[in-house]
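Quick notes on the structure that follows.
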Amino acid sequence: MACVACDRLNRYTLVSPEYGFAVTFPEKPNRVSDKNYEGLPKHLWTVYRPEHKDFYSAQASSYKETLPTEDWLPGKEVGDLYGLQLLMGRRYTLRSAATGREAVAVATNLLAPGDGGIISTIYIIDGAKLVSVTARTENEHDRTAFLGSLKLLP
């Protein structure tokens, strides 16, 4: 992983050739690495700004077999468990501008209970790899910029 575009406003573009994505955070994220339930590497990058109650994350992991994409709505079980209300779920195809490579993407908006706000996530299912980027912020422009910066690499 590398930063290829850090600007004077402290934005940080995370590029992951291993998982085939790039996303631009509002500042340099913290990174935590672990193992998924299959014992394969899992990485989580986060930015939390408590003064604004903003949260941005990217998570990536690989699995031993190709992941199913049909009729899968990510986060539903977690939402049911924690009282999150699904506001929107949309499936689409994400394409690499450079090569035309495609992967299934699912965008969701969940409403957190109390004053938790809206949690927006885009999931990329790319064969045996799963990537998710999440934004929770009241600033619509910042949320749109973060999620819109997600790119599929060639």
Side-chain angles (χ1 to χ4, degrees), residues 1-64 67 69 72-92 94 96 103-153:
M1 281 29 105
C3 175
V4 295
C6 298
D7 67 23
R8 68 184 190 285
L9 299 175
N10 296 325
R11 295 198 185 279
Y12 182 94
T13 298
L14 171 73
V15 177
S16 175
E18 179 181 1
Y19 294 101
F21 79 99
V23 65
T24 301
F25 282 86
E27 59 193 65
K28 186 174 181 176
N30 294 315
R31 178 183 173 186
V32 176
S33 295
D34 201 354
K35 303 269 185 206
N36 66 20
Y37 68 91
E38 292 184 343
L40 297 173
K42 174 175 70 172
H43 305 285
L44 174 65
W45 299 267
T46 58
V47 168
Y48 177 62
R49 300 190 293 190
E51 68 277 8
H52 301 293
K53 298 182 185 176
D54 292 350
F55 176 80
Y56 303 89
S57 72
Q59 185 168 329
S61 191
S62 293
Y63 296 87
K64 293 177 182 175
L67 299 168
T69 60
W72 181 65
L73 190 56
K76 176 150 178 35
E77 296 82 15
V78 172
D80 291 346
L81 184 65
Y82 291 103
L84 301 171
Q85 178 185 358
L86 179 65
L87 300 175
M88 182 276 301
R90 177 177 70 93
R91 178 179 307 276
Y92 61 100
L94 191 61
S96 166
V104 173
V106 178
T108 63
N109 283 336
L110 300 170
L111 179 60
D115 65 350
I118 294 175
I119 303 166
S120 300
T121 303
I122 298 173
Y123 300 86
I124 301 172
I125 304 108
D126 189 9
K129 296 176 185 172
L130 178 63
V131 172
S132 65
V133 296
T134 299
R136 185 189 72 214
T137 177
E138 292 180 7
N139 186 313
E140 182 69 29
H141 178 266
D142 289 351
R143 178 178 33 249
T144 301
F146 177 70
L147 296 173
S149 74
L150 177 62
K151 303 292 183 242
L152 192 63
L153 298 179

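Sequence positions, counted from 1, serve as the residue numbers for this chain.
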Worked check of side-chain contact (heavy atoms from CB on, under 4.5 Å) between F146 and N139: CA-CA 11 Å; F146 177 70; N139 186 313; over 6 Å; no
Intermediate values then yes/no, side-chain contact (heavy atoms from CB on, under 4.5 Å), S62 and Y19: CA-CA 8 Å; S62 293; Y19 294 101; 3.4 Å; yes
From CA spacing to verdict: side-chain contact (heavy atoms from CB on, under 4.5 Å), Y56, R49: CA-CA 9 Å; Y56 303 89; R49 300 190 293 190; 3.5 Å; yes
Stepwise side-chain hydrogen bond (donor to acceptor under 3.5 Å, both in side chains) check, S57 with T46: CA-CA 4 Å; S57 72; T46 58; over 6 Å; no
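Rounding to the nearest 0.5 angstrom, the gap separating the OG1 atom in T137 from the CZ atom in F55 is 12.0 Å. Going from atom CG of L14 over to atom NE2 of H43 covers 10.5 Å, rounded to the nearest 0.5 Å. The NZ atom of K151 sits 10.0 Å away from the OG1 atom of T13 when rounded to the nearest 0.5 Å. Residue K35 holds its NZ atom at 7.5 Å from CG of L40, rounded to the nearest 0.5 Å. To the nearest 0.5 Å, atom CG of residue L150 and atom CD1 of residue I122 are 5.5 Å apart.
Nearest approach of P41 to S61, heavy atoms of both residues: O-OG, 2.9 Å. Closest non-hydrogen pair, D54 versus E138, comes out as OD1-N, 4.3 Å. Residue P29 comes nearest to V47 through the heavy atom pair CA-CG2, 3.6 Å, listed as atom of the first residue, atom of the second, then distance. When all heavy atoms are compared, the tightest approach of A22 to L153 is CB-CD2, 4.1 Å. Here the shortest heavy-atom pairing between T108 and Y123 reads OG1-CE1, 3.9 Å. What you find for V106 and R91 is that their closest heavy atoms are CG2-NH1, 3.8 Å.
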Enumerate donor-acceptor pairs with a distance under 3.5 Å from any side-chain N or O in residues 127-136 to protein atoms, sequence neighbours excluded.
from : atom 1 : to   : atom 2 : distance (Å)
K129 : NZ     : E18  : O      : 2.8
T134 : OG1    : T121 : OG1    : 2.9

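The side-chain heavy atoms of D142 and P26, taken from C-beta on, include no pair separated by under 4.5 Å.
A donor-acceptor contact shorter than 3.5 Å is absent between the side chain of K42 and the backbone of G39.
In summary, the aromatic rings of Y63 and Y37 are positioned with their centroids under 6.0 Å apart.
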